[in-house]
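Okay, structure first, notes after.
Just so it is clear: chains get the letters A, B, ... in the order the sequence lines come, proteins before strands, and each one is counted from 1. FYI, side chains are in, hydrogens and waters are out, and symmetry mates aren't considered; it's all heavy atoms of this structure.
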Amino acid sequence: QKEVEQNSGPLSVPEGAIASLNCTYSDRGSQSFFWYRQYSGKSPELIMFIYSNGDKEDGRFTAQLNKASQYVSLLIRDSQPSDSATYLCAVNKGTGFQKLVFGTGTRLLVSP
Amino acid sequence: KAGVTQTPRYLIKTRGQQVTLSCSPISGHRSVSWYQQTPGQGLQFLFEYFSETQRNKGNFPGRFSGRQFSNSRSEMNVSTLELGDSALYLCASSLGGTGGADEKLFFGSGTQLSVL
């Protein structure tokens, strides 16, 4: 079992729709969770982080965390073609650890 | 504030050679992490340095090594290169503390290594 699992996609949504990206993790001791966006040929860019169960909103992005189910999701509202990228879920395994484990990413395609 | 700087941007080497990659973190960041990214495996953690000490290590062979200097700049070395080492090597810096914003990683543009 992979430590962090994501559907590779591609996930195709029309412009203006809500894109829902999902991630599961295996280590129950994981403490912090991150979503990175990576455009083709570019390096990953942090877009959201979450530590507590529940929802965290930042503009068009909402991160959701359910530690009991070991599940993290990212919702992108009003999706734009510029959101087309690979979204990487990353999990830090505990306080004091600087060792983010990344999923292989979900490719999102937003069509005009 | 300048971002994370990695040099060189591209490298072409042959099997058996060694290579050194360089990373300058964001000013004030004391932690530097290195990742290998390939299409098949995604981002794989190599190691992390904090205040000149290796604090965490991934599951890579001993051919992969690194170090950090007193100014937080870091280098990564790969000896006896193999074809499978061809990848994008990403450096990321953070404040390096526990919890909160201290854990956020900021990535450099990477070094694309090709081993022929």
Taking the six-membered ring of A/Phe49 as reference, does the NZ or CZ atom of A/Lys56 fall below 6.0 Å from its centre and within a 45° cone about the axis? yes
Whatever's closer than 4.5 Å to a heavy atom in chain B on A/Glu45 counts as neither
Does B/Arg73 have more than 12 heavy atoms from other residues, nucleotides or ligands lying within 6.0 Å of its CZ? yes
Verify the distance criterion only: is there a donor paired with an acceptor across the side chains of A/Thr62 and A/Arg77 at less than 3.5 Å? yes
In terms of heavy-atom proximity below 4.5 Å to chain A, should B/Gln37 be classed as side chain, backbone, both, or neither? side chain
Under 4.5 Å to a heavy atom of chain A? For B/Leu43 that would be both
How far does CZ of A/Arg37 sit from OH of A/Tyr87, to the nearest 0.5 angstrom? 5.0 Å
